[in-house]
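Structure, as structure tokens:
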Amino acid sequence: MVPPPTIANLASFVIGGLIAVVPVYGGAALAWLVTNHRWFVVMVFMMPLSVVVNTLFKINNMIMFTWARISGAGQNLHERRVKKVQDAIKQWKASGSKTRLTSSRPGWQTMSLRVGKYKKTSTKIPVMHLANIVNVDLERMVVYCEPMVTMGQVTQQLGPLGLTLPVVPELDDLTVGGLVCGVGIEASSHKYGLFTHTCTMYELVTAEGKLVRCSATENPELFKAIPWSHGTLGILVGVEIQITKLKPWVRLEYEPIHDKATAIAACEEAFATENYDFVEALVYSTEEWVLMKGTMVERPDETGGTINRIGNYWKPWFFTHVREYLSSGAGVEFIPLRDYYHRHTRSLFWEIQDIVTFGNEWWFRYLLGWAMPPNISIMKRLQTEELRRLYELHHVVQDMLVPVSALDECMSVCDQHFDVYPIWICPMRIFEEDRGFLKPTSSGEQMFVDVGIYGVPGSGSGRPGQTGFVATTACREVEEFVRKVEGFQMLYADMYQDREEFRTMFDHSLLDEMRSRMPGTTTAFPEVYDKVCKSARH
């Protein structure tokens with residue numbers, strides 16, 4: 001059975017066309033405008049284009065998901081799409097295997113801040129067509145996705161079925177493949193671990209063009225090696241993920257705390273219990289924390305809290321809303337589940353405030369809030385080289401995963417070297433059975449905390465851009481601390497470690513063994529370090 005002659009194909013064509021005509025630099029005048037008045041380009045060009053692109057993607061996804069469920073042809077269509085990947089690798093082999101392999105996903109469409117240089121010299125294997133939810137198995141309670149499926153797509157399609165994932169990372173544009181081969185974390189990770197802990201099967205096309213399936217019982221070593229492997233074992237083409245019944249509302253408790261030691265103690269207590277479905281904290285200064293504890297419920301109890309549909313476009317950005325509790329005191333709200341999942345999307349945590357400084361003003365939210373946020377890929381596509389350089393020198397985007405016992409010291413180290421607020425605090429568990437590239441500490445500690453630092457150095461002390469911040473020096477100091485406490489650094493961000501330091505932070509033993517055991521892998525795919533180190537990106 002063939003798919004409908006669809007608007008889905010038209011959508012993909014139009015999206016590709018729209019993005020293709022966006023100039024990278026567009027001449028000196030446009031480069032100057034993008035660099036010095038980015039807010040104008042965002043409002044006049046990026047936001048309208050983002051609305052078109054996002055709408056077409058939603059139409060495309062809805063049609064393909066509905067067609068697969070009605071026709072029962074999801075698996076057959078998936079196998080055809082996978083064959084394109086296999087054929088491309090076999091063609092590369094037939095031509096002499098003269099280059100390394102990489103996915104065809106353009107660097108500007110990834111969540112990484114930089115674009116990988118290695119893509120210019122590698123053979124690109126098509127993966128952009130692998131963007132469909134293949135099947136929802138209600139008996140086994142799993143969903144089978146292709147790697148380019150996004151979190152926005154998952155919640156949009158599973159929600160009406162009364163289903164959700166145990167771990168739904170915050171931003172709409174995060175893809176299943178990126179969350180598997182990179183990292184995925186959410187406020188439910190204190191219970192369920194990283195995104196990959198909820199995955200039950202991976203499908204991989206190897207350097208030989210063979211399709212390999214792996215799970216806890218089938219090729220179990222490969223199954224453990226794929227998380228964080230960054231495409232160094234093969235081309236990921238399918239992921240099976242656990243699903244669970246959802247409850248449509250989240251009862252969210254806000255607990256403002258005005259003392260660092262008290263806040264950390266309260267966080268540790270909340271992280272250790274599984275009574276809450278979601279736990280996170282936002283930190284606005286050294287002593288000002290708001291701890292949030294959420295529980296999924298069937299319906300609001302308006303006598304015990306207020307209803308807040310934070311996903312409505314005219315609502316204040318979530319991080320500014322949370323900050324109000326520092327002055328108003330503790331509170332409880334009932335938030336629609338999908339709104340809660342994507343609570344940080346409209347403001348991209350708080351990064352959008354540095355691009356559209358008036359974006360949270362009431363008049364902007366009511367007039368143009370429906371078009372927010374700009375599509376991240378489009379924003380990256382329109383970055384000039386000067387703007388990239390400015391971000392590198394005067395902006396911090398880092399996620400450090402440290403044992404919860406090191407949280408107090410980590411906050412002090414970040415204050416010393418970054419001086420950036422707000423900071424995102426999100427707990428996550430690394431289970432012993434997931435031991436691979438990541439592992440619990442040598443003392444057996446499994447509870448870690450993601451310390452998310454996004455912003456302009458000096459903003460914490462009210463001196464943005466005036467602290468003498470040097471990116472290389474500051475990042476290397478923080479990286480050294482993270483290694484010392486047996487923590488980890490998320491690799492989408494700038495990473496300044498040398499190869500030996502990187503291998504100290506991450507356990508390569510299983511990954512190295514699998515790469516050497518799988519024929520042609522070390523020739524076809526580079527090491528993780530060679531894809532994520534600072535010198536490999538621009």
Side-chain angles (χ1 to χ4, degrees), residues 170 186-188 190 247-337 339-347 349-350 353 359-362 365 369 404 407-408 411-412 414-415 420-427 449-455 459-462:
E170 292 80 8
E186 190 5 71
S188 58
H190 70 295
K247 295 179 181 178
W249 293 86
V250 174
R251 182 184 185 275
L252 191 62
E253 303 174 25
Y254 299 89
E255 182 182 351
I257 306 171
H258 299 272
D259 175 75
K260 180 183 178 183
T262 304
I264 290 176
C267 285
E268 291 181 354
E269 181 181 353
F271 298 167
T273 179
E274 294 190 2
N275 293 334
Y276 299 106
D277 294 309
F278 309 103
V279 179
E280 68 175 336
L282 295 184
V283 189
Y284 295 90
S285 72
T286 303
E287 305 293 334
E288 294 183 305
W289 299 52
V290 180
L291 175 62
M292 288 164 281
K293 297 170 284 189
T295 307
M296 284 195 286
V297 295
E298 290 291 348
R299 61 187 60 84
D301 175 9
E302 295 187 50
T303 62
T306 59
I307 293 176
N308 187 2
R309 299 179 185 274
I310 60 175
N312 289 338
Y313 66 82
W314 59 85
K315 289 285 188 175
W317 291 342
F318 184 68
F319 79 95
T320 65
H321 171 67
V322 174
R323 185 167 53 203
E324 295 299 316
Y325 285 94
L326 289 168
S327 55
S328 65
V332 175
E333 289 184 330
F334 291 91
I335 299 172
L337 179 62
D339 287 9
Y340 177 81
Y341 278 150
H342 302 293
R343 63 201 178 280
H344 294 300
T345 292
R346 285 193 299 125
S347 58
F349 282 87
W350 34 91
Q353 69 178 349
N360 199 44
E361 297 291 337
W362 67 268
R365 287 188 274 111
V404 69
L407 176 57
D408 190 344
M411 296 299 290
S412 298
C414 290
D415 280 347
V420 169
Y421 285 96
I423 288 177
W424 186 49
I425 301 294
C426 185
V449 182
D450 178 2
V451 180
I453 310 107
Y454 326 120
S459 59
S461 58

(request) Could you tell me whether the side chain of Asn360 reaches within less than 4.5 Å of the side chain of Pro316, counting heavy atoms only? (result) yes
(message) Rounded at 0.5 Å granularity, tell me how far CD1 in Ile453 sits from OG in Ser459.
(response) 11.5 Å
(message) Please report the interatomic distance CD1(Ile310) to CD1(Ile335), rounded to the nearest 0.5 Å.
(response) 4.0 Å
(request) Could you list the residues that satisfy salt bridge (Lys or Arg N to Asp or Glu O under 4.0 Å) with Arg251, not counting sequence neighbours? (result) Glu253
(message) Just verifying a value: how many Å separate Ile423 CD1 and Asp415 CG, rounded to the nearest 0.5 Å?
(response) 6.0 Å
(request) Under the side-chain contact (heavy atoms from CB on, under 4.5 Å) rule, collect the residues that match up with Glu361, sequence neighbours excluded. (result) Phe358, Trp363
(request) List for me each residue that meets salt bridge (Lys or Arg N to Asp or Glu O under 4.0 Å) alongside Glu333, sequence neighbours excluded, and say none if there are none. (result) none
(message) Restricting to salt bridge (Lys or Arg N to Asp or Glu O under 4.0 Å), what partner residues turn up for Asp450, sequence neighbours left out?
(response) none
(request) Quick one: list whatever passes salt bridge (Lys or Arg N to Asp or Glu O under 4.0 Å) with Asp408, sequence neighbours left out. (result) Lys260
(request) State which residues pass side-chain hydrogen bond (donor to acceptor under 3.5 Å, both in side chains) with Trp350; sequence neighbours excluded, sorted by chain then number. (result) none
(message) Which residue in the set Asp339, Val297, Leu337 passes side-chain contact (heavy atoms from CB on, under 4.5 Å) when paired with Val250?
(response) Leu337
(request) Please step through side chain to side chain contact (heavy atoms under 4.5 Å, CB included) for the pair Lys315 and Arg365, ending with a clear verdict. (result) CA-CA 7 Å; Lys315 289 285 188 175; Arg365 287 188 274 111; 5.6 Å; no
(request) Test Trp424 against every option in Phe349, Tyr284, Trp289, Phe318 by the ring-ring contact (aromatic ring centres under 6.0 Å, His included) rule and name the one that passes. (result) Phe349
(message) So, using ring pair (Phe, Tyr, Trp, His ring centres under 6.0 Å) as the criterion, who are the partners of Tyr325 when residues are at least two apart?
(response) Tyr254, His321
(message) Any side-chain to backbone donor/acceptor pair from Ser328 onto Glu324? Under 3.5 Å, distance only.
(response) yes
(message) Between Leu252 and Asn308, does the side chain to side chain contact (heavy atoms under 4.5 Å, CB included) criterion hold? Intermediate values first, please.
(response) CA-CA 10 Å; Leu252 191 62; Asn308 187 2; over 6 Å; no
(request) Test Val322 against every option in Arg343, Glu280, Met292 by the side-chain contact (heavy atoms from CB on, under 4.5 Å) rule and name the one that passes. (result) Met292
(message) Test of understanding: with side-chain hydrogen bond (donor to acceptor under 3.5 Å, both in side chains), list the residues that count as partners of Gln353, not counting sequence neighbours.
(response) none
(request) Drop me the distance from Tyr341's OH to Ser188's OG, to the nearest 0.5 angstrom. (result) 7.0 Å
(request) Report yes or no: does Arg346 contribute a side-chain atom to a donor-acceptor pair with the main-chain N or O of Tyr313 at less than 3.5 Å? (result) yes
(request) Measure from the side-chain N and O atoms of Thr345 to the backbone N and O of Glu170, and report whether any donor-acceptor pair falls under 3.5 Å. (result) yes
(request) Output, in order, the C-alpha distance, side-chain angles, deciding distance and verdict of side chain to side chain contact (heavy atoms under 4.5 Å, CB included) for Met411 and Val451. (result) CA-CA 8 Å; Met411 296 299 290; Val451 180; 4.1 Å; yes
(request) Nearest 0.5 Å please: distance from the OG1 atom of Thr286 over to the CG atom of Asp259. (result) 11.0 Å
(message) Let me confirm one number: the CG-CD distance from Leu282 to Glu288, rounded to the nearest 0.5 Å.
(response) 12.5 Å
(request) Could I get the full list of side-chain contact (heavy atoms from CB on, under 4.5 Å) partners for Asp277, not counting sequence neighbours? (result) Lys191, Thr295, Met296
Report, one line per pair, each donor and acceptor closer than 3.5 Å where one atom sits in a side chain of residues 266-274; sequence neighbours left out.
{"from": "Thr273", "atom 1": "OG1", "to": "Asn275", "atom 2": "N", "distance (Å)": "3.0"}
{"from": "Thr273", "atom 1": "OG1", "to": "Asn275", "atom 2": "ND2", "distance (Å)": "3.0"}

(request) State which residues pass side-chain contact (heavy atoms from CB on, under 4.5 Å) with Ser347; sequence neighbours excluded, sorted by chain then number. (result) Trp317, Phe319, Ile352
(request) Output, in order, the C-alpha distance, side-chain angles, deciding distance and verdict of side chain to side chain contact (heavy atoms under 4.5 Å, CB included) for Glu287 and His258. (result) CA-CA 5 Å; Glu287 305 293 334; His258 299 272; 5.7 Å; no
(request) List for me each residue that meets ring pair (Phe, Tyr, Trp, His ring centres under 6.0 Å) alongside Tyr340, sequence neighbours excluded, and say none if there are none. (result) Phe278
